[in-house]
Amino acid sequence: MDTNFVILTFASILAESAPLVFAVIGETLGEKSGVTNLSLDGTILLSAMIGFAVAFTTNNLYLAFLAAMLVGALVASIVAFSSIVLKLDQIAVGFVLTLLCGDLSTFFGNPFVRKPGPAVPHFAIPGLAEIPVVGKIFFDQNIVVYLSVLLIFAAWWWIYKTRPGLKLQGIGERPAAAFARGVNVNAQRFIYTLIGGALVGFGGATYSLFVKLGWSYHHTYGIGWIALAIVIFGGWHPIRGALGAYIFGGLQSVSSFAQSAFTDVPTQVFQTAPFALMIIALLFVSNEALDRFFSGSPVSRKIWNSLRGTPPGALSTVFEQE
Amino acid sequence: MSEITQKPVFSKKTGFSADLLWTMGPIILALLLTTLALVAIGADPLKAYTTLWNGAFGSPEKLGSVIDAWVPLVFCSVGLLVTFTAGLWNIGIEGQIVMGAIGAAWVARTFDLPAEILIALMFIGGALGGAAWALLAGALKVYGRVHEIFGGLGLNFVAMGVTLYLIIGPWKRAGIASTSGTEPFRPAAWLLNFPGLTVGPVEIILAIISLALIYFALRGTLWGLQLKAIGKNARSAFWLGIPTSRHMLGAFAVCGVFAGLAGAEQASGVWARLIPAISGGYGYLAILVVLLSGFRAPLVPFVAFFFAAVSKGSISLPLDLQVDSALGGVLQGVVVLLFVLSQGVRAKWTQTLSS
């Protein structure tokens, strides 16, 4: 393998993981605040469809991404309203929304199936793109990819280095304590769920306007479920979550090489491989035996815990503010 | 993730008319919203609904095809009643249907027996296939601490991969490898159907018996009571001495049995072979059926019939009106979403009234 090939592979992993990164960071923000938005797979489908449809009809990519974000926020608002105001089961509402949004995407997406449409244009950053190796991987992409990388660090900085971020951790871990300190827990949860949903929607449009251009029936093939699993795998931490997304992207490109090696195995079988991987990854991070093994010494326990992470203490619970 | 809160749909305090209002309200609102969706794409709503109705009830064959969808929906709903009672989200039910179909197909391909024995064996094979796949999701939850939603969902895709592999690989039709399905089973493996239809008496009776059985088992036995305790609060059930892990695995297995029966019935009665989309999406749809039934077994056959009619009726839409058949799914999804939301609104409403 020559170095050029390796560089191009890394560049393509960075690019093709962009939708997953947006979705993972968006869901991480929502779950950090204590709300699980299980509708991710449907939200991504619907926002990918709307994003492409708007781009196709108006030829305006800004409008397309904006519309996709609105769709994501709208679906998230149903999740937020039903769990925060109506105190309903987040899984039930999220699952129904997953199916409903999937069907909506098929219903409204019908006229746009397999139509050629606009795509996010390539944009090499002048100067930086000429740096050897690094330039080709990080600065010879498009705006959306740059945004996805920036978002990872922005989210990390916001959650762990700012006052509002500290409040965010509080409402997810110990809502009662946060409330006692004067934080409007439910209003904050609402806002973070909406922002998270908008980011997921942005990821959906990234899919249909860049990674897998256009629209077709169930275009995003279960990527929302993968994103939900990666949030857990990443231990509700934006950087580790993004790393999970990139590892996933890397394994997918490995599997596409394997696919060209085993031509007698149908492609549809390879398409299901990510989901087997998802189970194995979740098994790994939640395994009791590994837990006990690493708890042996303080040092290994510290390393293990920093690798694994724990869910926010009040995830998926209702908070009564009165 | 949170425990499932199962609020009774029809509370005993309020009258029948109030219940009717809170049930019909979401359905009418859902029809209004789908009408808006039809107007938005420039279709004639009235024509669409007539097409949908005729697609479901226009002829005896069409009604037959509705029953055809009703059978697997009831089987799956019966299974899901058990897992929901134990507080489990068995989203892996789709894969369990698929594995049931694979089990039945293996029996049909392996044994050359008289029809009665072969079909009975196929159903047993289907039940075992479904139960095994469900137990895998259960073991991932109980021993591996992987939430059943992710375990089950992942296994759905894996089951899909296995079917495709079998259809294109070892079980491919002689000469041609296509994703359309395996060679048809030998005639002895075909379930007896009503003339001209793809549904017969055996599976209808079996579905009704299953429903009655689970209804009484859940409300009249210690097993049902213990599952209910686990569903309400697994931790306290455990401290009360109920073997929660064993019961959870058991609930998964029972649900898998019924999903497997649905798969066997689809393979034997409807397709007479194994096809990639053998589950027909009935597993996910059955989750909606059970949610809309408010987890009540007696309502399941009616809700399942409504869903079956909408699903089968909407197939005519693209042919007659160039409206995508996903309209059926949209209608089903909106009805269930609004119903679930209305339960929350109702609870809040009665709370406000009483305070």
Side-chain angles (χ1 to χ4, degrees), chain A residues 36 38 41-42 78 81-83 85-93 95-111 217 221-222 225 228-229 232 264-280 282-283 285-288 291 311 315-318, chain B residues 1-7 34 37 40-41 89 91 140 143-147 149-151 153-162 164-165 167-169 177 179 276 281 284-285 287-288 291 318 322-334 336-337 339-341 343-345 347-348:
Chain A
T36 304
L38 195 79
D41 202 48
I78 299 175
F81 176 76
S82 61
S83 66
V85 180
L86 298 179
K87 302 180 179 63
L88 287 167
D89 181 10
Q90 292 174 9
I91 297 183
V93 175
F95 183 73
V96 175
L97 279 171
T98 307
L99 295 187
L100 175 59
C101 292
D103 280 319
L104 281 172
S105 76
T106 309
F107 181 72
F108 286 113
N110 186 308
Y217 173 73
Y221 202 77
W225 293 108
L228 280 165
I232 301 173
D264 51 336
V265 179
T267 45
Q268 292 98 325
V269 174
F270 273 102
Q271 275 187 328
T272 63
F275 297 94
L277 186 74
M278 175 181 96
I279 297 177
I280 295 165
L282 290 180
L283 205 53
V285 290
S286 51
N287 193 294
E288 235 165 17
D291 230 22
L315 184 59
S316 296
T317 57
V318 168
Chain B
M1 296 197 199
S2 69
E3 305 286 327
I4 298 171
T5 46
Q6 297 179 7
K7 288 171 193 146
T34 39
I41 62 160
W89 274 87
I91 283 175
L140 280 171
Y143 303 116
R145 291 194 291 181
V146 174
H147 195 283
I149 288 185
F150 293 103
L153 191 103
L155 288 172
N156 287 348
F157 282 93
V158 175
M160 189 68 168
V162 172
L164 279 161
Y165 169 72
I167 289 172
I168 301 177
T179 48
Y284 290 145
L285 215 51
I287 294 176
L288 296 186
L291 285 178
Q322 275 89 51
V323 171
D324 198 285
S325 62
L327 179 74
V330 172
L331 179 59
Q332 291 161 337
V334 174
V336 177
L337 179 67
F339 175 75
V340 171
L341 291 181
Q343 279 180 294
V345 173
K348 216 166 169 61

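Being a predicted model, the structure only gives us computed values, none of them experimental. Every chain is numbered from 1, with letters handed out A, B, ... down the list of sequences. The analysis underlying the following values was restricted to heavy atoms, covering all of them including side chains, and did not include hydrogens, waters or symmetry mates.
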Taking atom OH as the centre, does B/Tyr165 end up with more than 12 heavy-atom neighbours from other residues, nucleotides or ligands that are less than 6.0 angstrom away? no
With rounding to the nearest 0.5 Å, note down the distance linking CG in A/Leu86 to CG in B/Leu341. 6.5 Å
By side chain to side chain donor-acceptor pair (under 3.5 Å) - contacts of A/Asp103 (at least two apart): none
Interatomic distance, A/Ile91 atom CD1 to B/Ile149 atom CD1 [nearest 0.5 angstrom]: 4.0 Å
For B/Leu155, which atoms come within 4.5 Å of any heavy atom of chain A: side chain, backbone, both, or neither? both
Applying a strict 4.5 Å limit to non-hydrogen atoms, the region of A/Val85 in contact with chain B is both
I need the residue from B/Val162, B/Ile91, B/Asn156 with the largest number of non-hydrogen atom pairs under 4.5 Å to chain A. B/Ile91
To the nearest 0.5 Å, atom CD1 of A/Ile280 lies from atom CG of B/Leu140 at 10.0 Å
What distance do A/Phe107 atom CZ and B/Leu327 atom CG have between them, rounded to the nearest 0.5 Å? 5.0 Å
Using side chain to side chain contact (heavy atoms under 4.5 Å, CB included), reason through B/Trp89 and A/Asp89 one step at a time and then give a plain yes or no. CA-CA 12 Å; B/Trp89 274 87; A/Asp89 181 10; 3.8 Å; yes
For B/Val158 and A/Ala276, work out which heavy atoms get closest and say how close. CG2-CB, 3.9 Å
Which atoms form the tightest heavy-atom contact between A/Leu283 and B/Gly144, and what is the distance? CD1-CA, 3.6 Å
What residue, out of B/Ile287, B/Leu153, B/Val340, has the most heavy-atom pairs lying under 4.5 Å from chain A? B/Leu153
Counting heavy-atom pairs under 4.5 angstrom with chain B, the leader among A/Val93, A/Ile78, A/Leu228 is A/Leu228
Non-hydrogen atoms of chain A under 4.5 Å away: do they reach the side chain of B/Ala159, the backbone, both or neither? neither
Shortest non-hydrogen contact from A/Ile279 to B/Phe150? CG1-O, 4.3 Å
Chain B contact via A/Leu104 - which portion, at a heavy-atom distance below 4.5 Å: both
At a 4.5 Å cut-off on heavy atoms, which part of A/Tyr217 comes close to chain B: side chain, backbone, both, or neither? neither
Can you tell me how far CZ of B/Arg145 sits from CG of A/Leu282, rounded to the nearest 0.5 angstrom? 12.5 Å
Sequence neighbours excluded, which residues qualify as ring-ring contact (aromatic ring centres under 6.0 Å, His included) partners of A/Phe275? B/Phe157
For B/Leu288, which atoms come within 4.5 Å of any heavy atom of chain A: side chain, backbone, both, or neither? side chain
Rounding to 0.5 Å, atoms OH (B/Tyr284) and OG1 (A/Thr98) come to a distance of 9.5 Å
